[in-house]
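Step one of this worksheet: look at the structure below.
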Amino acid sequence: MKTNRNKSVSLNQSYFRIALTIVVGLLMTGMAMAQDSWVTVNPMPVTRFDLAAVAGPNGHMYVIGGNYSGQSSPYLPLNHTEVYDPITDFWKAVAPMPTSRGGPAAAVGPNGLIYVFGGHDRNLVPLDTVEAYDPVGNTWVSKASMPTARMFSAAATGSDGRIYVMGGAIGPGAGMNTVEAYDPITDSWQTVTPMPTPRYVLAAVAHPDGLIYAIGGADTGNPALNTVEAFDPQTGVWAPMPSLTTGRYSPAAAVGQNGRIYVFGGHNIDPLDTVEAYDTVAQIWNFVASMPTARYDLGAATAADGSVFVIGGYGVSGPVQVVERYTP
């Protein structure tokens with residue numbers, strides 16, 4: 001009996017080890033499948049494109065302004081501000097922006113305020129207006145206006161604590177290379193070295209390597225640029241970087257927790273669903289999993305866990321309120 005009991009125990013242990021191996025394998029497979037993948041989450045309450053999207057210091061996603069296309073006009077600027085909690089998958093409206101605007105740029109300052117720059121009014125007149133949102137107090141305040149009114153520009157916070165607003169347009173179809181730096185401490189502006197390539201409807205990100213990357217966009221005669229240039233706030237110098245594989249205007253971009261720069265969608269003949277990732281060390285671009293929804297004029301922001309939320313935009317059939325979460 002003792003021998004049989006030992007055999008039974010041994011068999012049970014073997015079965016347990018096999019079962020544990022299977023469970024661990026399934027878990028690891030599930031984790032692998034979760035990487036480089038997309039999940040559709042709760043949509044925005046308000047459908048819009050040409051919006052600004054940033055990740056706030058509290059880990060929430062803020063979506064500000066943008067356009068809603070109606071029967072009376074293709075551009076109906078909004079002042080809506082909505083915040084998304086990625087933990088609860090819940091949206092709520094917060095204090096509206098004082099100025100309705102489409103095509104603004106936005107960035108989070110080192111003081112935790114969210115700054116919104118320029119854009120256009122209902123008549124496509126570019127704005128120089130700057131307003132800052134306090135996520136803690138749920139309040140807006142006006143700041144020093146930009147030296148150059150512009151729409152469809154991009155903004156990123158540099159390693160020196162200043163916010164750089166680059167490119168944009170003063171009218172349809174003509175890109176700018178103007179770059180202006182905003183100091184949140186002194187509430188003042190300084191014109192700095194212009195981008196080598198004039199453009200509007202571009203994307204920009206600040207990378208942990210200290211550089212600000214300006215990506216894609218459009219200009220007269222160049223409807224879908226693949227140009228990428230990097231600015232060093234410490235030296236004030238721009239440098240060319242490896243080009244995107246696909247030229248695209250009105251994409252969104254964000255930095256993943258892995259340090260790669262991800263560029264989402266945009267337009268090139270048709271709305272794009274493709275996503276490219278840039279390895280700043282190897283200096284190469286690679287395609288990753290495509291978005292479920294092809295679109296341009298969208299926003300993107302990185303959550304605390306390193307996943308990226310891609311928000312709104314203009315799809316094949318018009319403006320969308322879809323929000324999709326990408327896990328690198």
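Fair warning: this is a prediction, and the values are worked out from it, not measured in the lab.
No side-chain heavy atom of Thr327 sits under 4.5 Å from any side-chain heavy atom of Asp305. Side chains of Val165 and Met146 form a contact here, defined as non-hydrogen atoms less than 4.5 Å apart. With a 4.5 Å cut-off on side-chain heavy atoms, Tyr278 and Arg260 do not count as touching. Counting only heavy atoms from C-beta outward, the side chains of Asp183 and Trp189 never approach each other to under 4.5 Å. Val46 places none of its side-chain heavy atoms less than 4.5 Å from the side chain of Tyr68. At a threshold of 4.5 Å between non-hydrogen side-chain atoms, the residues Ser100 and Leu78 do not count as touching. With contacts defined as side-chain heavy-atom distances shorter than 4.5 Å, the pair Glu324/Val41 does not qualify. Counting heavy atoms from C-beta outward, Asn79 and Thr99 have side chains that stay 4.5 Å or more apart.
Atom CD1 of Ile284 and atom CD of Glu276 lie 12.0 Å apart (nearest 0.5 Å). The line from CD of Glu82 to CZ of Arg48 is 4.5 Å long, rounded to the nearest 0.5 Å. Between Leu225 atom CG and Ser243 atom OG the span is 9.5 Å, to the nearest 0.5 Å. Between atom OG1 of residue Thr227 and atom CG of residue Asn222 there is a gap of 7.5 Å, rounded to the nearest 0.5 Å. The CG atom of Asp209 lies 10.5 Å from the CD1 atom of Ile212; values are rounded to the nearest 0.5 Å. For the atom pair CD of Gln321 and OG1 of Thr47, the computed distance is 3.5 Å after rounding to the nearest 0.5 Å.
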Apply ring-ring contact (aromatic ring centres under 6.0 Å, His included) to residues Tyr164 and Phe231 and explain how you reach the verdict. CA-CA 10 Å; Tyr164 291 82; Phe231 178 73; 5.2 Å; yes
Test side-chain hydrogen bond (donor to acceptor under 3.5 Å, both in side chains) on Asp297 and Ser250; report intermediate values, then the result. CA-CA 5 Å; Asp297 289 339; Ser250 294; 2.7 Å; yes
Could you go through Val63 and Trp91, starting from their C-alpha distance and side-chain angles, then the distance that decides it, and tell me whether this counts as side-chain contact (heavy atoms from CB on, under 4.5 Å)? CA-CA 10 Å; Val63 179; Trp91 286 91; 3.6 Å; yes
Might you work through the side-chain contact (heavy atoms from CB on, under 4.5 Å) test for Asn67 and His120, ending with a clear yes or no? CA-CA 10 Å; Asn67 283 308; His120 65 79; 3.2 Å; yes
Evaluate the side-chain contact (heavy atoms from CB on, under 4.5 Å) criterion for residues Ile114 and Ile64: first the C-alpha distance (whole Å), next the side-chain angles of each, then the deciding distance (0.1 Å), finally the verdict. CA-CA 10 Å; Ile114 299 171; Ile64 305 164; 3.7 Å; yes
Under the side-chain contact (heavy atoms from CB on, under 4.5 Å) criterion, do Tyr75 and Asp121 qualify, and how do the steps go? CA-CA 9 Å; Tyr75 296 102; Asp121 66 12; over 6 Å; no
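Legend: residues meeting side chain to side chain donor-acceptor pair (under 3.5 Å) with Ser159, ordered by chain and number and at least two apart, are Gln234. For Tyr133, the ring pair (Phe, Tyr, Trp, His ring centres under 6.0 Å) criterion is met by Tyr62, Trp140, not counting sequence neighbours.
With Glu180 as the fixed residue, the side chain to side chain donor-acceptor pair (under 3.5 Å) test singles out one of Gln190, Arg150, Arg162: Arg150.
Under the 3.5 Å distance criterion, the side-chain polar atoms of Asn177 are matched with a main-chain donor or acceptor of Met195. Side-chain atoms of Asp219 come within 3.5 Å of backbone N or O of Gly175 as a donor-acceptor pair. Using a distance-only test at 3.5 Å, with no hydrogens or angles considered, a donor-acceptor pair links the side chain of Asn138 to the main chain of Ala95. Proximity of a side-chain donor or acceptor of Asp187 to a complementary backbone N or O of Ala144 within less than 3.5 Å is detected. Remark: the backbone N or O of Pro319 is not paired with any side-chain donor or acceptor of Arg295 at under 3.5 angstrom. Asp279 places no side-chain N or O within donor-acceptor distance of the main-chain N or O of Gln283, the cut-off being under 3.5 Å. Here the side chain of Trp285 pairs a donor or acceptor atom with the backbone of Pro242 at under 3.5 angstrom.
Hydrophobic cluster membership differs between Val54 and Val323, with clusters built from Ile, Leu, Val, Met, Phe, Trp and Tyr side chains linked at under 4.5 angstrom. Following chains of ILVMFWY side-chain contacts shorter than 4.5 Å, one cannot reach Leu272 starting from Ile261, and the two form parts of different hydrophobic clusters. Following chains of ILVMFWY side-chain contacts shorter than 4.5 Å, one can reach Phe152 starting from Phe49, so the two form part of one hydrophobic cluster. Residues Val275 and Val310 share a hydrophobic cluster, clusters being chains of Ile/Leu/Val/Met/Phe/Trp/Tyr side chains in contact below 4.5 Å. Hydrophobic clustering (side-chain heavy atoms under 4.5 Å, transitive across Ile, Leu, Val, Met, Phe, Trp, Tyr) keeps Met176 apart from Val201.
For Arg325 and Asp89, the salt-bridge test fails: no basic side-chain N is under 4.0 Å from an acidic carboxylate O.
Across Gly247 and Asn268, no two heavy atoms sit closer than the pair O-ND2, 2.7 Å. Arg248 and Leu244 make their closest contact through CG-CD1, 4.0 Å (heavy atoms, listed as atom of the first residue, atom of the second, distance). Pairing each heavy atom of Tyr262 with each of Pro328, the nearest pair is OH-CB, 3.2 Å. Residues Ile311 and Leu51 approach most closely at O-CD2, 3.9 Å, considering heavy atoms. The two residues Gly102 and Pro77 make their nearest non-hydrogen contact at N-CB, 3.6 Å. Residues Ala55 and Ala301 come closest through the heavy atom pair N-CB, 3.7 Å.
Aromatic ring centres of Tyr182 and Tyr115 lie closer together than 6.0 Å.
A 6.0 Å sphere centred on CG of Leu124 holds more than 12 heavy atoms belonging to other residues, nucleotides or ligands.
Note: Tyr296 and Tyr314 have tilted aromatic rings, judged against thresholds of 30 and 60 degrees for the angle between ring planes.
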